[in-house]
Amino acid sequence: MSFFKDQTERDLDIFINLNEFADVHALNGTECKAIIKAPTARESFLSSGSHISDDGIFGISIFVHCRSEDLPELPHQGNVFVLDGEPYIVYQCVEEDGMASIELRAETRGFI
């Protein structure tokens, strides 16, 4: 393995670490270490963490970061993804250098 790949693997060990940033979550029925980022109301407003669908329904985006090897398969856009027992729709999934970053969306409240 190259120095860069070795370093990337060590960085994942630090980032996806139960003593640092990660917690154990159920991702589509698989228990694994992951970092879940659900924006606060203020963050949603400032960074567009919330969204309004084409039909005017408010929703929220949740970001899941985990080792791609910890999932049996990476989800695809439009699939249902169950995070800790709650269903979401996969908006996008990107895998890079052993890390899967999944953006999930769910409707949260009324119409505009």
Side-chain angles (χ1 to χ4, degrees):
M1 206 179 265
S2 73
F3 173 77
F4 180 75
K5 288 182 180 179
D6 289 341
Q7 187 60 48
T8 301
E9 183 67 25
R10 285 192 296 274
D11 289 347
L12 277 177
D13 290 340
I14 293 168
F15 191 62
I16 307 292
N17 179 327
L18 294 176
N19 293 323
E20 298 293 335
F21 303 108
D23 292 304
V24 175
H25 292 276
L27 306 180
N28 259 356
T30 301
E31 296 278 324
C32 64
K33 293 184 284 185
I35 298 164
I36 309 298
K37 178 65 177 143
T40 64
R42 186 177 199 287
E43 289 172 331
S44 292
F45 176 76
L46 294 175
S47 68
S48 300
S50 60
H51 63 275
I52 301 172
S53 67
D54 293 337
D55 52 4
I57 298 175
F58 283 99
I60 189 162
S61 294
I62 295 176
F63 300 90
V64 177
H65 306 283
C66 66
R67 289 179 174 274
S68 49
E69 67 185 27
D70 289 347
L71 295 175
E73 66 179 315
L74 294 176
H76 298 283
Q77 184 177 23
N79 287 3
V80 173
F81 189 93
V82 180
L83 169 63
D84 294 331
E86 295 293 324
Y88 297 89
I89 300 296
V90 176
Y91 184 70
Q92 64 181 343
C93 177
V94 177
E95 192 277 330
E96 187 173 10
D97 296 327
M99 170 88 74
S101 296
I102 307 163
E103 182 178 355
L104 305 174
R105 290 194 171 178
E107 298 171 359
T108 59
R109 54 192 179 274
F111 293 89
I112 59 169

task = Please assess Leu27 against Leu71 for the test side chain to side chain contact (heavy atoms under 4.5 Å, CB included), listing each intermediate value before the final yes or no.
result = CA-CA 8 Å; Leu27 306 180; Leu71 295 175; 3.8 Å; yes

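- For the atom pair Cys66 SG and Ile36 CD1, the distance stands at 8.0 Å (nearest 0.5 Å).
- From Ile16, atom CD1 reaches atom CZ of Phe21 across 9.5 Å, with rounding to the nearest 0.5 Å.
- Here the side chains of Val64 and Leu104 are in contact, with some heavy-atom distance below 4.5 Å.
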All N/O donor-acceptor pairs, side-chain side in residues 79-95, below 3.5 Å, sequence neighbours left out:
{"residue": "Asp84", "atom": "OD1", "partner": "Ala26", "partner atom": "N", "Å": "2.8"}
{"residue": "Asp84", "atom": "OD2", "partner": "His25", "partner atom": "ND1", "Å": "2.6"}
{"residue": "Gln92", "atom": "NE2", "partner": "Glu103", "partner atom": "OE1", "Å": "3.0"}
{"residue": "Glu95", "atom": "OE2", "partner": "Ser68", "partner atom": "OG", "Å": "3.1"}
{"residue": "Glu95", "atom": "OE2", "partner": "Gly98", "partner atom": "N", "Å": "3.1"}

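- To the nearest 0.5 Å, atoms CD1 (Ile60) and CZ (Arg105) are separated by 11.0 Å.
- Val24 and Met99 fall into different hydrophobic clusters, where Ile, Leu, Val, Met, Phe, Trp and Tyr side chains are chained together by heavy-atom contacts under 4.5 Å.
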